[in-house]
Amino acid sequence: QVQLVESGGGLVQAGGSLRLSCAASGRTFRSYAMAWFRQAPGKEREFVSAITWSGANIAYADSVKGRFTIARDNAKSTVYLQMNSLTPEDTAVYYCATGPWAGIRTTWQAAWGQGTQVTVSS
């Protein structure tokens, strides 16, 4: 019943920054965490980052630690992913997801957005 819509993707040069947004509507579960995944052509979908609505728990993939920051605005039911120091290896479709914290690093989530394309040129 929950709908997730990503935005903010686009084309950026290596070393640049982008901020992705994921807006949730419909039935939202505040006990669930929000997460970002990404999928490059020919590769499996991989976990990027996650955050609980309270902010008590935050997780990052090793590949993005120190470069990406996840945050949320509960009043807007929106989660953000600030991406800095981007490289061509970050090129992928980025997906928003929501699910229980215990399984938030897996691809088995309660709901997914349609994704937003991020392309980083060299």
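Numbers here simply count residues along the sequence, with the first being 1.
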Contact summary for [X] and [Y], nearest pair of heavy atoms:
X	Y	answer
Glu6	Cys96	OE2-N, 2.7 Å
Gln109	Gly103	NE2-O, 3.0 Å
Thr116	Gly9	OG1-N, 3.2 Å
Leu4	Ala111	CD1-O, 3.7 Å
Gly8	Leu18	O-CD2, 3.9 Å

Look at the side-chain heavy atoms of Ile, Leu, Val, Met, Phe, Trp and Tyr, link any pair under 4.5 Å apart, and say whether [X] and [Y] land in one connected group.
X	Y	answer
Tyr95	Tyr60	no
Tyr32	Val48	no
Val93	Val79	no
Met34	Val2	yes
Leu11	Leu81	no

Inset, instruction - Would you kindly check if the NZ (Lys) or CZ (Arg) of Arg19 is within the cone defined by 45 degrees around the ring axis of Tyr80 and under 6.0 Å from the six-membered ring centre? - result: yes

[X] side chain to [Y] backbone, donor-acceptor under 3.5 Å:
X	Y	answer
Arg38	Thr91	no
Arg72	Trp53	yes
Gln13	Leu86	no
Ser85	Gly15	no

So how far is it from [X] [atom1] to [Y] [atom2], rounded to the nearest 0.5 Å?
X	Y	atom1	atom2	value
Arg105	Phe37	CZ	CZ	9.5 Å
Ile104	Ile51	CD1	CD1	11.0 Å
Arg27	Gln3	CZ	CD	11.0 Å
Glu89	Ser122	CD	OG	9.5 Å
Asp90	Ser63	CG	OG	7.5 Å
Gln114	Ser7	CD	OG	13.5 Å

Side chains of [X] and [Y], heavy atoms from C-beta outward: is any pair under 4.5 Å?
X	Y	answer
Thr107	Phe47	no
Trp36	Met83	no
Ile70	Ile58	yes

For this session: Fit a plane to each ring of Phe68 and Tyr94, take the angle between them on a 0 to 90° scale, and name the class: parallel (under 30°), tilted (30 to 60°) or perpendicular (over 60°).
Result: tilted

